[in-house]
2 protein chains.
Amino acid sequence: MNRPPARTLPLSPTFSPLYRQIKELILASLESGEWGPGDAIPSESDLAQRFGVSQGTVRKAIDEMAADNLLVRRQGKGTFVATHNDPHSFFRFLRLAANEGVLPTSRSVPLECTRARAGTDVARILGMAVGTPIVILRRVLYFADKPVVFDEVYLPAELFPDFSLDFLNANDESLYSLFESRYGVRMIRADERLRAVSADRVSAAALDVAEGSPLLLVERVAFTYGDKPVEWRRGFYSTANHHYHNELS
Amino acid sequence: MNRPPARTLPLSPTFSPLYRQIKELILASLESGEWGPGDAIPSESDLAQRFGVSQGTVRKAIDEMAADNLLVRRQGKGTFVATHNDPHSFFRFLRLAANEGVLPTSRSVPLECTRARAGTDVARILGMAVGTPIVILRRVLYFADKPVVFDEVYLPAELFPDFSLDFLNANDESLYSLFESRYGVRMIRADERLRAVSADRVSAAALDVAEGSPLLLVERVAFTYGDKPVEWRRGFYSTANHHYHNELS
DNA sequence: CTATTGACATCTTATATAAGACATATCATT
DNA sequence: AATGATATGTCTTATATAAGATGTCAATAG
């Protein structure tokens, strides 16, 4: 039988199996932009040759990255870089569902887009110095012409130049799709914290509910490659006819 | 090289790859109780011989089941049936986190345990006829001696005989751990729907908050093998110092 | 002549099997 | 307490077949 080539196994505290090292290499290529969102990456055997490992090892690395939603396999066609432009993963991060029936098509209405400087909260969450320029976007998501989600989005201004209301109105893609295609910032993971709060004047007005009525507050920190936080979002969900859906396993 | 044995591939609309068929067979053995929670299942090669396939095919089946949290691999020891008794997966379905610091140890205080008959809601959700006997449990979860979660749990009485307050007080395991060890009912998946609601008199009293204050309502349907629903739970979370944590990817 | 069809080659990923090297836990022996 | 045998899962490689997607090209029908 074919003996595998001799390999120096560090066995040290920093040991990681070969397929994971390959995963890191592929990840680096993704991060560097060698293959853009929606592109096909080279075939498994090409990558195997390039990295000097067997096709099965590359396969295992890609398997994990497909499970992480970083890559998408399509039998007979190839393996593709995941993209928020793909209608399939358009609402990958939106866990909203209608209490009955299916979620109707949504409409995003930007309210205002302002420039500011990071306070302590935003600075801590986005890993930046207090006073760093940020962009604040407020918008409402409508479903069947009813306001359901009022979002406040905080972004580092450095990464999103020219971000404006006009720009948003000219594009009807999803926000993350826009981030990806216009600014080259791909969201790959997010952390959410959910609480119940009373509607303040602003969110009550935006969502057309009584001040003080209960709202679901969804605070999200979204990360790009390297676990770098690049968005903080506070979403107020009106949960009279909708709910946040989560599957546990 | 070794040719695989000739195999009748149905290619029909109901085709499923061999490793998935093996998965179903292992699942059937789990469901039948051949290997109980916490037990080690036979080695991959044993299973391969038993099912007449190669070890690698068994491995792929087990890989998926480990990803589904049905099995747990332990290098050098074996593969084990997942259990809610394992401290590791004790709070597998509880997504509660403290706003700052780590979640302190919890204390579960049962309030009442009553018998009733299923109304239309419970009957629909648990897939039973209206009027089927059910058990209703109400309890409060305390963290650092503060009430945080008020739970109403609806169970089919048939599956949970002898369920009573005394019985609960005599056991300080988690509820699912109890279900598993005492009634042989293993929860393997759950669906949750989250909403913000106003505290009614009962939940306000249980959680020591003002009536009308906002609470996070977490409605959960938990399933056992074969996607059979066996628990409906309405949890009211006081989210002043805690939150529901969810990771998206 | 043009458009459609069908056969075919050639990509790709998906599935299946086998085997060697190795890490880790258990247990009996020294 | 240390040693060594054994069993097991893990990691890697190799090979072969199946099947989906797609383009080429010739035959065919209109």
Side-chain angles (χ1 to χ4, degrees), chain A residues 1-26 35 38-67 70-82, chain B residues 1-26 35 38-67 70-82:
Chain A
M1 192 58 192
N2 310 282
R3 295 190 64 263
R7 221 169 260 294
T8 48
L9 290 178
L11 287 194
S12 43
T14 56
F15 167 76
S16 104
L18 190 50
Y19 76 91
R20 238 171 237 283
Q21 298 176 34
I22 301 302
K23 186 178 172 182
E24 289 306 316
L25 291 176
I26 298 177
W35 313 304
D39 288 356
I41 69 171
S43 75
E44 293 182 354
S45 15
D46 280 1
L47 290 174
Q49 204 160 15
R50 165 164 164 180
F51 297 130
V53 299
S54 85
Q55 175 257 353
T57 303
V58 171
R59 158 168 290 262
K60 183 143 185 176
I62 293 181
D63 276 346
E64 281 205 359
M65 299 181 73
L70 292 171
L71 298 175
V72 179
R73 313 192 88 126
R74 270 179 246 161
Q75 184 170 7
K77 298 197 69 177
T79 301
F80 299 80
V81 181
Chain B
M1 196 54 195
N2 311 282
R3 293 191 64 262
R7 221 167 260 296
T8 48
L9 288 178
L11 286 195
S12 42
T14 57
F15 166 75
S16 102
L18 190 49
Y19 77 90
R20 236 171 239 281
Q21 298 176 33
I22 301 302
K23 185 178 172 181
E24 290 305 317
L25 292 176
I26 299 176
W35 313 303
D39 288 357
I41 69 170
S43 74
E44 293 184 353
S45 14
D46 281 2
L47 290 174
Q49 204 161 15
R50 165 166 166 179
F51 297 129
V53 298
S54 86
Q55 174 258 353
T57 303
V58 173
R59 154 168 294 264
K60 183 142 185 175
I62 293 182
D63 275 346
E64 280 204 1
M65 298 180 73
L70 292 172
L71 298 175
V72 179
R73 313 191 90 126
R74 268 178 248 161
Q75 185 167 4
K77 299 194 70 176
T79 301
F80 299 79
V81 181

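Numbers restart at 1 for each chain; the letters A, B, ... are given by sequence-line order, proteins then strands.
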Nearest-Å distance for atom pair [atom1]/[atom2], residues [X] and [N]:
X     : N      : atom1 : atom2 : answer
A:L71 : C:dT12 : CG    : P     : 16 Å
B:L18 : C:dT17 : CG    : P     : 5 Å
B:E44 : C:dA18 : CD    : P     : 14 Å
A:Q75 : C:dA14 : CD    : P     : 6 Å
A:F51 : D:dT13 : CZ    : P     : 13 Å
B:Q21 : C:dT17 : CD    : P     : 11 Å
B:E64 : C:dA16 : CD    : P     : 11 Å
B:D63 : C:dA16 : CG    : P     : 13 Å

Looking at [N], I'd like to know if its phosphate oxygens (OP1 or OP2) sit under 4.0 Å from a side-chain N or O belonging to [X].
X     : N      : answer
A:R74 : C:dT12 : no
B:T57 : C:dA16 : no
B:S54 : C:dA16 : no
B:R59 : D:dT10 : yes

statement: Of B:T57, B:I26, B:D46, B:L18, the one forming a side-chain contact (heavy atoms from CB on, under 4.5 Å) with B:F51 is B:I26

statement: 5'-most contact on DNA chain D (nearest-nucleotide basis), A:G76 vs B:S45, goes to B:S45

- line: Interatomic distance, CG@B:L70 vs CD1@B:I41, rounded to 0.5 Å, equals 10.5 Å

query: For the atom pair NZ (B:K60) and NZ (B:K23), what is the distance rounded to the nearest 0.5 Å?
result: 11.0 Å

message: Test side chain to side chain contact (heavy atoms under 4.5 Å, CB included) on A:T79 and A:V72; report intermediate values, then the result.
response: CA-CA 6 Å; A:T79 301; A:V72 179; over 6 Å; no

message: Under 6.0 Å from the ring centre and within 45 degrees of the ring axis: does the NZ or CZ of A:R74 meet both conditions for the six-membered ring of A:F80?
response: yes

message: Let me spell it out: for each of B:Q55 and B:K60, pick the nucleotide of DNA chain C with the closest heavy atom. Which residue's pick is nearer the 5' end?
response: B:K60

- request: Mind checking A:T79 for me? I need base, sugar-phosphate or nothing, with any heavy atom below 4.0 Å counting as a touch.
  value: sugar-phosphate

